[in-house]
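So you know, we letter chains A, B, ... as the sequences are listed, proteins then strands, and number each from 1. In this text, all values refer to a predicted model and were calculated from it rather than measured experimentally.
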2 protein chains.
Amino acid sequence: MIKAERQDLILEHLLKDKKVLLDQISKVLKVSEDTVRRDIKELSDKGLLKAVRGGAIQRSSIPVHFKDRQHIDVPYKKIIAEKVLEYIKPGMVLLVDSGTSALAVVSNLPKDIALTVVTNSFPVASILEDHEKIEVLFIGGMLNKVSFSTTGYETIQAIRNIRADLCLLGICSIDLNLGVTGAEYEDSLIKRVMVETSKCTIALSTSDKLGTSDSFYICAANSLNIIITEADPKSVNLSAYVDAGIEIR
Amino acid sequence: MIKAERQDLILEHLLKDKKVLLDQISKVLKVSEDTVRRDIKELSDKGLLKAVRGGAIQRSSIPVHFKDRQHIDVPYKKIIAEKVLEYIKPGMVLLVDSGTSALAVVSNLPKDIALTVVTNSFPVASILEDHEKIEVLFIGGMLNKVSFSTTGYETIQAIRNIRADLCLLGICSIDLNLGVTGAEYEDSLIKRVMVETSKCTIALSTSDKLGTSDSFYICAANSLNIIITEADPKSVNLSAYVDAGIEIR
DNA sequence: ATATTTGTTGCAAATAATTGCAAAATGAAA
DNA sequence: TTTCATTTTGCAATTATTTGCAACAAATAT
């Protein structure tokens with residue numbers, strides 16, 4: 001039995017019983033409790049269930065739809081998420097966009113950090129349900145029922161009223177000459193305003209997106225303060241970015 | 001039995017009976033009274049109930065968690081929901097508040113009706129995921145993690161920019177002289193603005209709430225256009241309301 | 001005022017989570 | 001296939017949480 005299969009069974013069991021007990025399920029799956037515990041931890045990180053002492057229960061809030069979070073845990077996103085954490089200090093106001101990379105960062109936030117998170121993404125907001133010290137300011141607007149985030153005039157106007165300490169910009173293409181670009185028009189508009197109004201912007205990218213471009217302009221490359229990729233900044237040659245005044249991690 | 005499960009049961013019991021007694025529930029759950037006491041303390045800290053000597057009672061109106069609301073479909077809500085449908089015509093702009101009654105109405109909407117729904121409630125928005133012809137305008141603001149709805153300055157300002165055809169006002173107390181009142185301050189503020197800016201307001205109430213009052217003023221009784229209750233309008237004497245120009249259903 | 005019930009606090013036993021580690025399994029490259 | 005590196009898994013020691021109990025305090029009832 002492989003790990004993914006086991007985790008599917010845990011979720012299945014959860015659907016039926018509304019709860020999973022470590023000792024029971026470990027016997028069913030014929031693995032140690034430690035292993036199940038680790039599985040539950042992983043699933044919990046993805047937001048697919050809620051780990052509690054002795055097992056797991058269903059996540060309360062928002063419907064199944066968001067379970068596209070499957071993709072969150074792609075290893076490189078975890079790496080990126082951890083690098084970002086160094087920049088997040090208690091008391092900050094974070095502006096978080098609606099991509100899965102930003103979601104990965106948010107789901108890796110420590111449980112007890114005090115922050116204000118501003119976002120237009122239902123998944124981001126709902127994952128913060130149990131972070132008691134995080135205040136969530138949700139940005140309204142027209143609801144996109146696929147990404148479960150808001151867009152449009154209202155959203156942009158609302159963001160203009162925010163001056164965040166840190167903006168987490170989900171993956172987009174970055175080119176020194178062509179600037180930061182995105183594949184979706186509405187989303188790019190919003191990202192643009194987010195960058196404009198934030199004191200500091202961290203782009204969450206992958207190294208293969210560097211030097212590429214997409215259809216919709218977001219901002220100049222040097223509007224970014226920091227670019228975080230999954231790669232070791234020493235191993236790839238990114239000196240051109242550093243020369244442009246962008247910190248690379 | 002897991003702690004989380006136990007606490008869920010306490011809340012469930014509370015929903016049915018309006019109260020929980022330490023000695024009773026501790027026998028049902030097969031734990032000591034001390035443990036239940038501690039559970040109630042925790043739930044009380046989260047604002048999910050009110051601890052009293054000997055047990056716990058429901059916290060005035062609000063926050064029943066989304067999770068719990070979904071499963072408990074009190075029949076009268078269904079009756080009310082169906083009565084409301086007669087007033088909802090294609091093309092309308094609906095302003096929907098964050099109460100459970102309004103949620104019940106929304107979940108009874110036909111799949112293919114074309115509407116614009118404006119709401120500050122996550123559950124309302126997410127229930128409309130599959131209604132392809134319903135546009136959802138979500139009202140931003142500070143997120144209340146218990147009711148999963150937004151409140152505060154931003155929310156109120158955003159509502160001021162809407163002029164809905166129909167406002168669905170969740171259950172609150174209604175008295176001809178004292179007006180419409182609510183038990184939660186923030187929630188009442190929002191309801192007030194909703195009524196002010198809408199062309200027509202339907203109050204979703206239960207007959208026992210008529211003639212009662214709560215702490216926070218929302219609007220004058222005759223600001224309501226229609227009151228819908230679970231009861232047959234002929235069976236109860238509501239002529240005073242009709243005389244005041246309010247339609248009763 | 002006294003008796004009875006309920007709450008509080010501190011404590012110890014039981015239970016669960018975390019961490020570090022080594023063995024086993026898996027996968028990729030030679 | 002074999003080898004090497006990585007991941008996964010189980011185990012043990014440590015740490016943390018939960019729970020029931022008992023002694024005492026506070027509130028309520030008689």
Side-chain angles (χ1 to χ4, degrees), chain A residues 1-11 13-14 17-59 70-82 85 104 107-113 130-133 230-232 235, chain B residues 1-11 13-14 17-46 48-57 59:
Chain A
M1 164 128 31
I2 92 173
K3 192 167 80 163
E5 193 180 348
R6 211 173 48 221
Q7 298 192 348
D8 280 349
L9 285 172
I10 292 176
L11 289 174
H13 191 275
L14 192 63
D17 281 14
K18 303 194 185 301
K19 64 170 179 185
V20 171
L21 302 178
L22 276 173
D23 55 345
Q24 283 179 16
I25 200 79
S26 70
K27 277 171 201 153
V28 175
L29 301 176
K30 295 184 172 50
V31 290
S32 75
E33 290 193 18
D34 300 73
T35 302
V36 179
R37 200 173 278 122
R38 276 182 277 234
D39 283 340
I40 286 178
K41 176 78 166 48
E42 280 182 33
L43 294 168
S44 169
D45 286 345
K46 290 186 206 169
L48 296 173
L49 48 69
K50 180 170 176 180
V52 296
R53 189 169 219 265
I57 56 175
Q58 289 178 319
R59 251 196 99 66
Q70 307 279 8
H71 311 296
I72 281 189
D73 205 35
V74 185
Y76 70 77
K77 288 201 180 142
K78 192 124 192 167
I79 296 172
I80 294 176
E82 272 160 20
L85 287 187
S107 49
N108 274 288
L109 284 174
K111 272 274 185 290
D112 59 343
I113 192 173
D130 298 318
H131 291 70
E132 291 179 10
K133 294 183 181 168
E230 84 295 352
D232 182 341
S235 70
Chain B
M1 164 119 41
I2 277 179
K3 190 167 80 161
E5 194 184 359
R6 214 173 45 220
Q7 299 191 347
D8 277 354
L9 286 172
I10 292 175
L11 288 175
H13 187 101
L14 196 62
D17 282 14
K18 314 251 181 230
K19 66 174 179 189
V20 171
L21 299 178
L22 276 175
D23 56 345
Q24 283 179 16
I25 199 78
S26 70
K27 278 170 200 153
V28 175
L29 301 177
K30 296 183 173 45
V31 290
S32 74
E33 290 192 18
D34 300 73
T35 301
V36 178
R37 200 172 278 124
R38 277 182 276 233
D39 283 340
I40 286 178
K41 175 79 166 46
E42 278 183 34
L43 294 169
S44 169
D45 288 345
K46 287 187 195 164
L48 295 171
L49 49 69
K50 179 163 186 191
V52 295
R53 192 182 167 83
I57 55 174
R59 201 161 162 271

Give the rounded distance in Å between these two atoms: [atom1] of [X] and [atom2] of [N].
X: I2(A); N: dT9(D); atom1: CD1; atom2: P; value: 10 Å
X: I40(A); N: dT8(D); atom1: CD1; atom2: P; value: 17 Å
X: M1(B); N: dT15(C); atom1: CE; atom2: C1'; value: 16 Å
X: L21(A); N: dT15(C); atom1: CG; atom2: P; value: 14 Å
X: R6(B); N: dT15(C); atom1: CZ; atom2: C1'; value: 13 Å
X: K41(B); N: dT19(D); atom1: NZ; atom2: C1'; value: 17 Å
X: K3(B); N: dA17(C); atom1: NZ; atom2: P; value: 12 Å
X: Q7(B); N: dT18(D); atom1: CD; atom2: P; value: 9 Å

Determine the minimum heavy-atom distance between [X] and [Y], stating which atoms define it.
X: I2(B); Y: G55(A); answer: CD1-N, 4.1 Å
X: R6(A); Y: L29(A); answer: CG-CD1, 3.4 Å
X: L85(A); Y: P110(A); answer: CD2-CD, 4.5 Å
X: I10(A); Y: V20(A); answer: O-CG2, 3.7 Å
X: E33(A); Y: L22(A); answer: O-CD2, 3.9 Å

E5(B): which of K18(A), K19(A), R53(A) passes salt bridge (charged side-chain N to carboxylate O under 4.0 Å, His left out)
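Of all the options given, the one that passes is K19(A).
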Would you call D45(A)-K41(A) a salt bridge at under 4.0 Å N-O?
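Yes, this pair counts.
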Assign each of G54(B) and D23(A) to its nearest nucleotide of DNA chain C by heavy atoms, then name whichever residue's nucleotide is nearer the 5' end.
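So the residue in question is G54(B).
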Give me the bend of the helix from dA1(C)-dT30(D) to dA30(C)-dT1(D), using the axes of the five pairs at each end, rounded to 10°.
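That helix has its two terminal axes inclined by roughly 40°.
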With a cut-off of 6.0 Å (strictly less than), are more than 12 heavy atoms of other residues, nucleotides or ligands near CD of E42(B)?
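Enclosed: over 12 neighbouring heavy atoms sit under 6.0 Å from CD of E42(B).
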Chi angles and distances behind the salt bridge (charged side-chain N to carboxylate O under 4.0 Å, His left out) call for D130(A), K50(A):
CA-CA 10 Å; D130(A) 298 318; K50(A) 180 170 176 180; 3.4 Å; yes
Return the residues of residues 30-38 of chain A meeting this criterion: a heavy atom under 4.0 Å from some atom of DNA chain D. Order them by number, or give none.
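Result for residues 30-38 of chain A: V31(A), S32(A), D34(A), T35(A), R38(A), sorted by number.
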Can V52(A) and K3(B) be said to form a side chain to side chain contact (heavy atoms under 4.5 Å, CB included), step by step?
CA-CA 8 Å; V52(A) 296; K3(B) 190 167 80 161; over 6 Å; no
Looking at L14(A), I25(A), L49(A), which hits side-chain contact (heavy atoms from CB on, under 4.5 Å) with I40(A)?
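Among the candidates, only L49(A) passes.
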Using nucleotides 23-30 of chain D, report all nitrogen or oxygen pairs with the protein that are shorter than 3.5 Å.
| residue | atom | partner | partner atom | Å |
| --- | --- | --- | --- | --- |
| dA27(D) | N3 | R53(B) | NH2 | 3.4 |

